Structures are given as structure tokens and as C-alpha cells.
Peer 1: 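Okay, here's the structure, questions in a sec.
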Amino acid sequence: MAHGPVYPFCAIVGQEEMKLALILATISPDLSGVLIRGEKGTAKSTAVRGLAALLPEHQEIPGAYHLSPEEYSAHAAELGLPEHMPAPRTVQVPVVELPVGATEDRVTGTLDMETALREGRRRFEPGLLAAAHRAILYVDEVNLLDDHVVDLLLDSAAMGVNTVEREGVSVTHPARFTLVGTMNPEEGELRPQLLDRFGLCVSVEGEDNPEQRIEVIRRRLSFEDDPRGFSRRWEHQSHDISERIVRSTALVKEVHIDDETLMTVARTCINAHVDGHRADIMMVRAARTLAAWNGRTTITADDLTQAARLVLPHRMRRRPLESVGAPGAA
């Protein structure tokens with residue numbers, strides 16, 4: 001995503017809820033990603049780019065589809081890949097950035113119809129959804145994306161596959177990714193239907209504590225003066241978070257979800273007047289991930305409270321002039 005050192009995730013002053021939401025979405029892709037809303041200059045993009053350095057490693061088969069060894073045998077024939085699986089390689093989970101001006105073909109990939117007609121075989125040029133398989137797909141200014149492209153992203157995120165159909169030819173490939181969107185509400189809102197598809201949503205503001213603001217300045221100037229030296233000073237904390245993400249990812253499925261937890265979630269969502277059932281499911285998933293992040297296999301009342309703050313505000317029915325996901329809306 002970026003060349004040279006990026007500002008360390010751990011060095012961001014404050015914005016704890018934003019950092020937590022990004023970590024939770026990384027641990028549990030089934031949270032359907034996170035939307036970060038806030039005015040410019042509140043470290044939204046900095047946090048996402050810093051997160052990239054903390055992501056764990058995984059095995060993939062070299063090629064455009066980033067398949068795991070287990071996926072290769074299931075999809076090789078359909079995608080026209082060699083029958084003999086190449087040796088897997090170990091790579092760090094990437095962050096793939098989607099530019100605001102991306103076309104549908106650039107996002108989903110495109111079928112080369114000339115080759116199909118001339119040689120009688122499909123030739124598919126994979127797009128960003130293939131590049132982002134088993135990774136994080138980052139969209140800055142997601143509210144400025146064409147609605148149709150956002151729909152494509154969210155559909156693929158929900159289904160775990162991307163299908164391209166053209167002139168009777170169809171290609172389907174795995175496309176499981178964690179969608180991270182950032183936006184400045186002053187530049188326009190997302191449609192409620194799209195807002196609801198992000199599992200988590202946080203609103204960020206600039207620091208209003210003078211000491212915190214001074215620390216923001218100090219750290220930023222220190223980074224600009226010596227990016228590598230500054231980054232080295234945060235290496236130990238960064239390593240600790242990376243290790244904790246790996247442990248939490250392994251622990252999530254071990255977290256026990258009892259009937260009392262489900263009842264609390266159901267009542268909370270009813271009282272919040274959210275539409276449908278997505279909020280309930282996301283709240284349980286978020287609470288489970290929070291428990292794992294804290295090294296537990298049981299969900300506490302604090303987990304549920306924190307999950308509600310991340311899952312409910314952007315889904316609550318609003319009065320016409322009420323801002324979406326505003327701080328204090330929970």
C-alpha cells in the first residue's frame with residue numbers, strides 16, 4: 001500500500017474505539033468490516049495504513065486469486081488453473097486499496113471476449129476483489145464511490161465470492177475480505193442500506209484535550225524527522241498487538257455463547273429499534289470477538305456494552321435531521 005515506513009498504528013494518540021474496531025474486524029472477517037466516519041485530519045487513513053504492518057501471515061498459492069492450499073483443489077478446474085498445485089508461499093495479509101474512481105471492471109475483473117470468441121476459451125482478468133481475497137480491502141472516501149460499485153463490494157463481502165457474467169460466459173472466484181471504509185460525513189452520507197452492511201461503525205473527532213493535541217504534534221513531527229527511528233521505537237508494542245491478534249483469531253471459535261447472552265442481545269436490539277436481524281447477529285459476533293481479544297472464552301456484560309456501541313448507532317432509526325452514528329447516539 002505504501003512505500004517506506006508508515007506511521008505506526010500504536011503511535012496514534014487516543015482514538016481507542018477506532019483502533020479497537022479495526023483490530024476486531026481483522027480478527028473476525030465475519031463482522032463484515034468497519035466504517036470509520038469523521039472529519040478530515042482525525043487519523044482515519046493513518047490507522048488503516050498502520051494496521052497493515054500488524055497483520056498476521058498466512059499461506060497462499062502464488063497467482064492472481066490468492067487461494068489457500070485448501071481452496072486450490074476446489075477451484076483450480078473452474079478457474080483454469082494448473083492441475084498440479086504450485087508450492088504455497090507464506091505472505092503477510094495485505095491491505096488492498098480501492099481508488100475512488102475505480103470502474104466496475106477494475107473492481108470485479110473482466111472477461112476478455114476476443115480471446116473467448118477467437119480461441120473458444122475464457123480468459124479472465126482478475127480485479128481488485130481477487131487481489132483482496134483473504135485480505136483487507138480499504139476504500140477511502142467510501143461515500144464518494146459510485147453506489148453500484150459499493151453494492152458490488154458489499155454483495156461480494158456478504159457472499160464470499162465474486163461472479164462476473166458477460167455474453168453468456170461466467171466466472172466465479174472466492175472473494176472473502178474484510179471491508180474497511182473511511183469517510184468524511186461533510187462530503188455526503190452513505191445510503192442507509194449500505195451503512196447497515198458494515199458490521200461495525202465508529203465516529204471519530206479531533207482531540208479536545210490540549211495535552212493530547214500536543215502529543216499528536218510531537219509524535220507527528222518526530223516521525224517526519226526520522227521515520228525509521230520513530231517506527232523502531234514502537235516495534236515492541238506493534239509486535240505485541242500482532243501476536244495478540246493471532247492468539248485472538250484462534251480463540252474466537254472457543255468463546256461460549258449462552259442463552260442469557262442471546263436474550264440480552266435480542267432485548268438490546270429491540271430497544272434500539274433497529275430494522276431486521278443483522279444487528280443482533282453482528283452484536284453477538286462483536287461480543288465474541290471482544291472476549292477473545294481479552295483472552296476469555298466467556299462473554300461479559302462489558303463485552304456486550306462495547307459491542308452495542310460499535311454495532312448499533314449506525315443502525316438505529318433516526319429522525320430526519322439526526323446525524324448518522326454521531327457520538328453519543330448509542
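Residue numbers run from 1 in the order of the sequence given. All of these numbers come straight from a predicted model, not from anything done at the bench.
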Peer 1: If you count every heavy atom of other residues, nucleotides or ligands that lies below 6.0 Å from Arg106 atom CZ, does the total exceed 12?
Peer 2: no
Peer 1: Say whether, by atom type as modelled, one donor and one acceptor occur between the side chain of Arg315 and the main chain of Val311 under 3.5 angstrom.
Peer 2: yes
Peer 1: Is it true that Arg176 and Glu71 make a salt bridge, defined as a side-chain N closer than 4.0 Å to a carboxylate O?
Peer 2: yes
Peer 1: Is any side-chain heavy atom of Met183 closer than 4.5 Å to a side-chain heavy atom of Ile36?
Peer 2: no
Peer 1: Measure across Pro99 and Leu128 and return the closest heavy-atom pair with its distance rounded to 0.1 Å.
Peer 2: CD-CD1, 4.1 Å
Peer 1: Is the closest side-chain heavy-atom distance between Val274 and Leu312 below 4.5 Å?
Peer 2: yes
Peer 1: For residues Leu55 and Trp293: do they belong to one hydrophobic cluster (side chain heavy atoms under 4.5 Å, members Ile, Leu, Val, Met, Phe, Trp, Tyr)?
Peer 2: yes
Peer 1: Quick one: which of Glu60, His58, His133 gives a side-chain hydrogen bond (donor to acceptor under 3.5 Å, both in side chains) with His66?
Peer 2: Glu60
Peer 1: Do the side chains of Asp303 and Arg288 get close enough for a salt bridge, i.e. N-O under 4.0 angstrom?
Peer 2: no
Peer 1: Going by the angle between their ring planes, with limits at 30° and 60°, are His173 and Tyr65 parallel, tilted or perpendicular?
Peer 2: tilted
Peer 1: Under a 4.5 Å cut-off applied to non-hydrogen side-chain atoms, are Leu24 and Leu200 in contact?
Peer 2: yes
Peer 1: Using 0.5 Å steps for rounding, measure from the CD1 atom of Ile241 to the NE2 atom of His236.
Peer 2: 11.0 Å
Peer 1: Decide if atom CD of Glu187 counts as having more than 12 heavy atoms of other residues, nucleotides or ligands within a radius under 6.0 Å.
Peer 2: yes
Peer 1: Clusters formed by hydrophobic residues whose side-chain heavy atoms approach within less than 4.5 Å: which one holds Val216, and what are its other members?
Peer 2: Val13
Peer 1: Answer yes or no: does atom CZ of Arg267 have more than 12 heavy-atom neighbours from other residues, nucleotides or ligands under 6.0 Å?
Peer 2: no
Peer 1: Between the side chains of Thr182 and Arg37, is a donor N or O closer than 3.5 angstrom to an acceptor N or O?
Peer 2: no
Peer 1: Show me the pairs that pass side chain to side chain donor-acceptor pair (under 3.5 Å) and involve residues 249-259, at least two apart or across chains.
Peer 2: Asp258-Thr261
Peer 1: Answer yes or no: are there more than 12 heavy-atom neighbours, outside Met159 itself, under 6.0 Å from its atom CE?
Peer 2: no
Peer 1: Does the pair Glu16/Lys19 count as a salt bridge with the N-to-O cut at 4.0 Å?
Peer 2: yes
Peer 1: Of the non-hydrogen atoms in Pro62 and Pro88, which two are nearest, and what is the gap between them?
Peer 2: CD-CA, 4.4 Å
